[in-house]
Amino acid sequence: MVSFKKEGEQAFLLSEDDVVLAKCIFSDSPAEIVEMTMFSDCKRELLVTLIRAVLNHFDLKGEKLVTVRAGIDRELLCECGFSCEKGESLYSVDLSGYFTETCCKKGKSDSV
């Protein structure tokens, strides 16, 4: 996993054998995952790891609520603990205890 920051964009890149598989762009203010792009076929578990790496970044900064607008696979978001706000295309996850309780399972049973 590689992180980079350039003007207006922070991202983590997921790569394997020097091939970039996916990129997750995020914003620190507010704590939000902005976009996720896959460049080649990639195992779902790796995409979950990529999102959790971004969530860990926010957790280490002391953020408690992370949001995602529509555009990322809802099943993938659910697997990472996000839930959908009623009537909106906004998903959120509360990071309180996210990495200390049964790792990353909060919200998995919530419907999206």
Review point. When rounded to the nearest 0.5 angstrom, what distance separates CD in E45 from CZ in R52?
Key: 10.5 Å

Review point. Shortest non-hydrogen contact from I72 to L76?
Key: CG2-CD2, 4.4 Å

Revision key, fill the gap. Looking only at heavy atoms, the pair that brings L65 and A31 closest together is O-CB, 3.6 Å

Exercise for review: Kindly indicate, with the supporting measurements, whether the criterion side-chain contact (heavy atoms from CB on, under 4.5 Å) is fulfilled by M38 and L21.
Suggested key: CA-CA 6 Å; M38 290 191 308; L21 303 175; over 6 Å; no

Check your understanding: Between V20 and S15, what is the shortest heavy-atom contact and its length?
Key -> CA-CB, 4.0 Å

Practice item. Determine yes or no for a side-chain-to-main-chain donor-acceptor pair under 3.5 angstrom, with D17 supplying the side chain and V19 the backbone. Key: no

Review point. Is the closest side-chain heavy-atom distance between V93 and S83 below 4.5 Å?
Key: no

Review point. Do the non-hydrogen side-chain atoms of L14 and T49 ever get within less than 4.5 Å of each other?
Key: no

Check your understanding: Is V54 linked to F99 within one hydrophobic cluster, defined over Ile, Leu, Val, Met, Phe, Trp and Tyr using a side-chain heavy-atom separation of less than 4.5 Å?
Key -> yes

Practice item. Taking all heavy atoms of I33 and all of V68, pick out the closest pair and write down the distance. Key: CB-CG2, 3.6 Å

Review point. Which pair of heavy atoms, one from E32 and one from R69, lies closest together, and at what distance?
Key: OE2-CG, 3.1 Å

Check your understanding: Passes salt bridge (Lys or Arg N to Asp or Glu O under 4.0 Å), E35 versus K23? Steps please.
Key -> CA-CA 8 Å; E35 179 184 331; K23 173 173 77 170; 5.8 Å; no

Check your understanding: Do V66 and L95 pass the side-chain contact (heavy atoms from CB on, under 4.5 Å) test, and can you show the C-alpha distance, the side-chain angles, and the key distance before you say yes or no?
Key -> CA-CA 8 Å; V66 178; L95 295 180; 3.6 Å; yes

Practice item. Supply the atom-to-atom distance L13 CG to L50 CG, rounded to the nearest 0.5 angstrom. Key: 8.5 Å

Point to revise | Residues in side-chain hydrogen bond (donor to acceptor under 3.5 Å, both in side chains) contact with T67, at least two apart in sequence or another chain | key: none

I'd like a table of donor-acceptor pairs (distance under 3.5 Å, sequence neighbours excluded) in which one partner is a side-chain atom from residues 55-63, with atom names and distances.
from, atom 1, to, atom 2, distance (Å)
H57, NE2, D28, OD1, 3.0

Check your understanding: Given side chains that start at C-beta, do those of M36 and D73 come closer than 4.5 Å, heavy atoms only?
Key -> no

**Study point:** Side-chain heavy atoms of E16 within contact of L46, under 4.5 Å
**Key:** yes

Exercise for review: Look up atom SG in C80 and atom OH in Y91, then write down how far apart they are to the nearest 0.5 Å.
Suggested key: 13.0 Å

